[in-house]
Amino acid sequence: MALIAILPGDGIGPEVTREARRVLEQVGDFDFEEASVGGAAYRETGHPLPDATLALAKRSDAVLFGAIGDPEFESLERSLRPEAALLGIRKELGLFANLRPAKLFAGLEEASSLRPEIARSIDVMIVRELTGDVYFGEKGQGTTDAGLREGHDLMRYDEAEVARIARVGFETAKRRKGLLCSVDKANVLETSQLWRDVVIEISAEYPDVSLSHMYVDNAAMQLVRDPGQFDVIVTGNLFGDILSDQASMCAGSIGMLPSASLAGEGGLGMYEPIHGSAPDIAGQGKANPCAAILSAAMLLRYSLGMTDAADRIEAAVAKAIADGARTADLGGTLSTGAMADAVLGALA
Ligand SMILES: NC(=O)c1ccc[n+]([C@@H]2O[C@H](COP(=O)([O-])OP(=O)(O)OC[C@H]3O[C@@H](n4cnc5c(N)ncnc54)[C@H](O)[C@@H]3O)[C@@H](O)[C@H]2O)c1
Ligand SMILES: CC(C)[C@H](C(=O)O)[C@@H](O)C(=O)O
Ligand SMILES: [Mg+2]
């Protein structure tokens, strides 16, 4: 039986993974094991990513991750903060490819920040590089010769890192409409010039995919002007982080966007909503569980090959929303549990 590791984390993380687990239990038989991560783990063990948690993730068939982040630990040394656990687990598992689909579920036009006819056109897969870039470059703070405090984070990619994420972008586009937009800042950054050069080289392997390039500032603007022009976006770690939060509001709410973090085709993956621990609503039963439930569907699809079950969950979310189920972020009044009940009730 497949082993699913659940790492609930902090804030609303446990609230939404609880509901995603209920949905998984409804569509199959799985072994579940839970372990703490982030601030919760720091509280228990003095470290945000305990060895036992990492070991569980490594021996599982797939990981369902909630969210990490706790205002109480913001002033800790960086390696002890909750965020270090998330970056650490991505790096340790080699999860370099992060797929973040943003599409509008029918009925959520009013929740989107865009006008309804524009909102309806969004159906984009953001392929975000996840283990490189300024996140993992040398960083620090110091003092300049003039005695001023300074801080630095090195933005760096090598050609192998760019080539492998570019291939994921091309493969993803091949399975969709065949349009790949590579987003960079090649007019200013050397990392982006390398990125663009390598993406162009790799494009020779994919004659059926139409490749375009866009600067990230323009991409941010185009995403709200005309999101329907995008099929697949491939971009670096930092740009992908920002653009995916932006895309979520085009699709109605950050509480609707799932993600898959993969080490390549098939195999161990980690699945998580793109949102964080949402300290402002944690513990109030207000969190939208759909991003976590849709992440569970991605888990079934990408790591366990359970395509039918994944389709059923996605259809159930669509039906619940079409029937009017809404948490507060979508303009409704349902609690986290009641929203999941609506999805469970819609499961065919
Ligand atoms: N993958 C992750 O675990 C992850 C992602 C982003 C941020 N974080 C961490 O989370 C903490 C809070 O960060 P933040 O406030 O910038 O981002 P956030 O995503 O936690 O919250 C941003 C806003 O969106 C709302 N929101 C988020 N998820 C929601 C949901 N499911 N339903 C309804 N509303 C939702 C929140 O209430 C908040 O107003 C920080 O410590 C940050 O580092 C973690
Ligand atoms: C919490 C943070 C490290 C993380 C990221 O930037 O990757 C989050 O914003 C995300 O999108 O998963
Ligand atoms: Mg983010």
Side-chain angles (χ1 to χ4, degrees), residues 7-20 37-42 48-49 63-76 78-91 95-100 102 108 111 113 126 128-136 139 153 235-249 251-261 270-295 317 326-340:
L7 311 184
D10 304 317
I12 64 169
E15 302 172 37
V16 297
T17 49
R18 183 184 310 129
E19 306 307 333
V37 71
Y42 179 78
L49 181 55
V63 181
L64 183 67
F65 192 97
I68 47 76
D70 188 327
E72 200 184 315
F73 299 133
E74 269 164 18
S75 52
L76 283 179
R78 192 163 291 283
S79 68
L80 294 177
R81 293 188 203 172
E83 289 77 3
L86 181 56
L87 299 186
I89 202 165
R90 288 171 179 168
K91 196 69 166 179
L95 306 173
F96 70 88
N98 186 214
L99 308 187
R100 298 188 157 192
L108 291 189
S113 302
I126 297 178
R128 169 192 178 195
E129 200 288 328
L130 203 58
T131 52
D133 201 347
V134 71
Y135 278 65
F136 291 92
K139 55 179 76 235
D153 300 88
T235 192
N237 204 343
L238 182 62
F239 300 156
D241 179 40
I242 297 167
L243 291 180
S244 52
D245 266 35
Q246 186 180 343
S248 75
M249 271 320 297
S253 169
I254 193 162
M256 293 302 301
L257 247 67
S259 82
S261 303
M270 187 163 89
Y271 301 83
E272 51 166 326
I274 77 155
H275 62 70
S277 58
D280 55 335
I281 58 165
Q284 301 170 36
K286 285 186 185 162
N288 184 346
C290 288
I293 291 170
L294 293 166
S295 297
V317 171
R326 303 274 188 282
T327 38
D329 55 309
L330 302 174
T333 56
L334 291 187
S335 67
T336 308
M339 185 74 191

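All ligand and atom numbering here is 1-based and tracks the order in the structure. None of the values given here were measured: they were computed from a predicted structure.
- Sorted pairs that involve residues 79-88 and meet salt bridge (Lys or Arg N to Asp or Glu O under 4.0 Å), not counting sequence neighbours, are lacking altogether.
- Asn98 places a side-chain N or O within donor-acceptor distance of the main-chain N or O of Ala260, the cut-off being under 3.5 Å.
- Put simply, the side chain of Ser295 never gets that close to the backbone of Tyr271: no donor and acceptor are under 3.5 Å apart.
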Full working for side-chain contact (heavy atoms from CB on, under 4.5 Å) between Met339 and Glu19: CA-CA 9 Å; Met339 185 74 191; Glu19 306 307 333; over 6 Å; no

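- Taking only non-hydrogen atoms, the option from Asp241, Leu257, Asp245, Ile254 nearest to atom 9 (O) of ligand 2 is Asp241.
- The tally of protein N/O/S atoms under 2.8 Å from the Mg ion (ligand 3) stands at 1.
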Decide side-chain contact (heavy atoms from CB on, under 4.5 Å) for Asn237 and Phe136; before the verdict, give the C-alpha distance in whole Å, the side-chain angles of both, and the deciding distance to 0.1 Å. CA-CA 10 Å; Asn237 204 343; Phe136 291 92; 3.9 Å; yes

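- Every atom of ligand 2 with a heavy atom of Arg100 under 4.0 Å away is listed here by number and element: 10 (C), 11 (O), 12 (O).
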Quick one: table the atom pairs, ligand 1 N or O against protein N or O, below 3.5 Å, distance rounded to 0.1 Å.
residue: ligand 1; atom: 1 (N); partner: Glu272; partner atom: OE1; Å: 3.0
residue: ligand 1; atom: 3 (O); partner: Ile68; partner atom: N; Å: 2.9
residue: ligand 1; atom: 10 (O); partner: Ile68; partner atom: O; Å: 3.3
residue: ligand 1; atom: 10 (O); partner: Ser277; partner atom: N; Å: 3.1
residue: ligand 1; atom: 10 (O); partner: Ser277; partner atom: OG; Å: 3.3
residue: ligand 1; atom: 19 (O); partner: Gly276; partner atom: N; Å: 2.7
residue: ligand 1; atom: 20 (O); partner: Gly276; partner atom: N; Å: 3.4
residue: ligand 1; atom: 20 (O); partner: Ser277; partner atom: N; Å: 3.3
residue: ligand 1; atom: 20 (O); partner: Ala278; partner atom: N; Å: 2.8
residue: ligand 1; atom: 31 (N); partner: His275; partner atom: NE2; Å: 3.2
residue: ligand 1; atom: 31 (N); partner: Asn288; partner atom: O; Å: 3.0
residue: ligand 1; atom: 32 (N); partner: Asn288; partner atom: N; Å: 2.9
residue: ligand 1; atom: 37 (O); partner: Asp280; partner atom: OD1; Å: 2.8
residue: ligand 1; atom: 37 (O); partner: Asp280; partner atom: OD2; Å: 3.1
residue: ligand 1; atom: 39 (O); partner: Asp280; partner atom: OD2; Å: 2.8
residue: ligand 1; atom: 41 (O); partner: Glu83; partner atom: OE2; Å: 3.0
residue: ligand 1; atom: 43 (O); partner: Glu83; partner atom: OE2; Å: 2.5

Side-chain polar contacts of residues 278-286 - donor-acceptor pairs under 3.5 angstrom, sequence neighbours left out - could you list them?
residue: Gln284; atom: OE1; partner: Lys286; partner atom: NZ; Å: 2.9
residue: Gln284; atom: NE2; partner: Asp280; partner atom: O; Å: 3.1

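- Without hydrogens or angle criteria, Ser259 side chain to Glu272 main chain gives a donor-acceptor distance under 3.5 Å.
- Each of the atoms 5 (C), 6 (O), 7 (O), 10 (C), 11 (O) of ligand 2 lies under 4.0 Å from some heavy atom of Arg128.
- For the ligand labelled ligand 2, residue Arg90 lies inside the 4.0 Å heavy-atom shell.
- Within the 4.0 Å heavy-atom shell around ligand 2 one does not find Arg81.
- Nearest protein heavy-atom contact of atom 6 (O) of ligand 2 is Tyr135 OH, 2.5 Å.
- A donor-acceptor contact under 3.5 angstrom links the side chains of Asp241 and Tyr135, judged on distance only.
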Report the C-alpha distance between Leu108 and Arg326 in whole Å, list the side-chain angles of each, state the deciding distance to 0.1 Å, and finish with yes or no for side-chain contact (heavy atoms from CB on, under 4.5 Å). CA-CA 9 Å; Leu108 291 189; Arg326 303 274 188 282; 3.8 Å; yes

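- When every heavy atom of Val16 is checked against every heavy atom of Ala287, the shortest pair comes out as CG1-CB, 3.9 Å.
- Of the protein's non-hydrogen atoms, the one nearest atom 3 (C) of ligand 2 is Leu87 CD2, 4.0 Å.
- The backbone N or O of Gly11 sits nowhere less than 3.5 Å from a side-chain atom of Ser277 that would complete a donor-acceptor pair.
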Decide yes or no on side-chain contact (heavy atoms from CB on, under 4.5 Å) for Leu86 and Phe65, but give the supporting numbers first. CA-CA 9 Å; Leu86 181 56; Phe65 192 97; 3.6 Å; yes

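- When only interatomic distances are considered, the shortest N/O to N/O separation between Glu83 and ligand 2 does not fall below 3.5 Å.
- In this structure a side-chain-to-backbone donor-acceptor pair under 3.5 Å is missing from Glu72 to Glu74.
- Using a distance-only test at 3.5 Å, with no hydrogens or angles considered, a donor-acceptor pair links the side chain of Asp10 to the main chain of Gly39.
- Residue, atom and distance of the protein heavy atom nearest to atom 2 (C) of ligand 2 are Leu86 CD2, 4.3 Å.
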